[in-house]
Amino acid sequence: MELRDYQVDMLERLEKAWKRNRNVMVQMPTGTGKTWLMAAAIRREKGRVNSEKFATARILVVAHRRELIEQISRTLDSFGIEH
């Protein structure tokens, strides 16, 4: 799965923010691929840190609809990310 240019830009901005802050929130309009961006960020970070450190990391996903959580779960599955 390939990210669009604006998603790649947001991913780079996210990584810079993580260097300055432990907690970061991304906000993008509906339909811009936030779920794919999140999965790409998780996969990239998982490849960057050792498995022991990543195994204890926690990512909180908040959504106001069960359907959105199910969509996120399917996307993480398609990226091969255990959750």
Handout entry: Short side-chain to backbone donor-acceptor contact, Lys16 and Leu11, under 3.5 Å
Key = no

Handout entry: Gap between atom CG of Asp77 and atom CD of Glu82 - 0.5 Å precision
Key = 10.0 Å

Exercise for the section: Taking atom CG of Asn21 as the centre, report whether more than 12 heavy atoms of other residues, nucleotides or ligands fall under 6.0 Å from it. Expected result: yes

Practice task
May I ask whether Leu68 and Met28 are part of the same hydrophobic cluster, defined by side-chain heavy atoms of I, L, V, M, F, W, Y residues being less than 4.5 angstrom apart, directly or through others?
Solution key: no

Practice task
Determine the sole option in Gln71, His64, Arg65 for which the side chain to side chain contact (heavy atoms under 4.5 Å, CB included) test with Glu67 is passed.
Solution key: Arg65

Exercise for the section: Could you state whether Trp36 and Val61 fall into the same hydrophobic cluster, counting links through intermediate Ile, Leu, Val, Met, Phe, Trp or Tyr residues with side-chain heavy atoms under 4.5 angstrom apart? Expected result: yes

Exercise for the section: Flag the pair Leu3 / Met10 as yes when at least one side-chain heavy-atom distance between them is below 4.5 Å, and no otherwise. Expected result: no

Practice task
Please answer: with hydrophobic residues joined when any side-chain heavy atoms are less than 4.5 Å apart, are Ile69 and Ile81 in the same cluster?
Solution key: yes

Exercise for the section: Show your working on side-chain contact (heavy atoms from CB on, under 4.5 Å) between Arg13 and Val26 and close with a plain yes or no. Expected result: CA-CA 10 Å; Arg13 291 169 55 195; Val26 173; over 6 Å; no

Handout entry: Residue pair Val8 / Arg4, side-chain heavy-atom distance below 4.5 Å
Key = no

Practice task
Nearest 0.5 Å please: distance from the OG1 atom of Thr32 over to the CG atom of Leu37.
Solution key: 8.5 Å

Handout entry: Residues in side chain to side chain donor-acceptor pair (under 3.5 Å) contact with Ser73, at least two apart in sequence or another chain
Key = His83

Practice task
Check whether any side-chain heavy atom of Phe79 lies under 4.5 Å from a side-chain heavy atom of Ile42, and answer yes or no.
Solution key: no

Handout entry: Verdict with reasoning, Met38 to Lys34, per side-chain contact (heavy atoms from CB on, under 4.5 Å)
Key = CA-CA 6 Å; Met38 178 185 65; Lys34 292 178 292 291; over 6 Å; no

Exercise for the section: Determine, for Glu15 against Arg44, whether the closest basic-nitrogen to carboxylate-oxygen distance falls under 4.0 angstrom. Expected result: yes

Problem - Donor-acceptor pair, side chain of Gln7 and main chain of Gly33, under 3.5 angstrom - result: yes

